[in-house]
Amino acid sequence: MFALFEARLRAGLTRAGRTIAGAVCMAVAAIFFTIAGWIALVEAQGELIAALIVGVVYLVLALLLFFLPVRPRLPAASATSAAPMTSLVEAFLAGRAAGQAMRKD
């Protein structure tokens with residue numbers, strides 16, 4: 001019992017660690033891409049236009065992250081979905097048996 005708990009805990013911690021490491025790598029990449037974009041825009045357009053463009057890009061990204069809906073995770077189909085079908089078949093068979101019992105009388 002503890003082995004299963006330990007395995008699930010270890011898998012969860014590994015998943016969380018990988019997620020955090022991925023987020024850090026994405027943040028570093030975003031910083032470097034922003035710097036590279038800033039340098040290219042300053043050379044092409046000037047500092048004011050570069051600042052406006054970088055600001056608008058980050059504003060649009062933030063608005064998308066705030067306002068895009070997040071779909072809730074649906075629980076996996078469990079074995080209880082078979083139970084209504086079983087009860088339906090049992091009800092049908094009970095009704096048929098009751099009908100046959102009424103004919104015999």
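All values below come from the heavy atoms of this structure, side chains included, with hydrogens, waters and symmetry mates left out. All values reported here derive from a predicted model rather than from experimental measurement.
- Listed by first and then second residue, the salt bridge (charged side-chain N to carboxylate O under 4.0 Å, His left out) pairs involving residues 9-28 are E6-R10 (not counting sequence neighbours).
- Both V56 and L68 are part of a single hydrophobic cluster, where members link through side-chain heavy atoms under 4.5 Å apart.
- Follow the hydrophobic side-chain contacts under 4.5 Å out from I53 and you reach V42 in the same cluster.
- Atoms CG and CG, on L59 and L64 in that order, are 9.5 Å from each other to the nearest 0.5 Å.
- Pairs engaging residues 24-53 under the side-chain hydrogen bond (donor to acceptor under 3.5 Å, both in side chains) rule: T34-Y58 [sequence neighbours left out].
- Linking ILVMFWY side-chain heavy atoms closer than 4.5 Å, directly or via other members, places L61 and M26 in two distinct hydrophobic clusters.
- The structure places CG of L9 at 9.0 Å from OG1 of T14, a figure rounded to the nearest 0.5 Å.
- Transitive grouping of hydrophobic side chains (ILVMFWY, heavy atoms separated by less than 4.5 Å) keeps V54 and I31 in distinct clusters.
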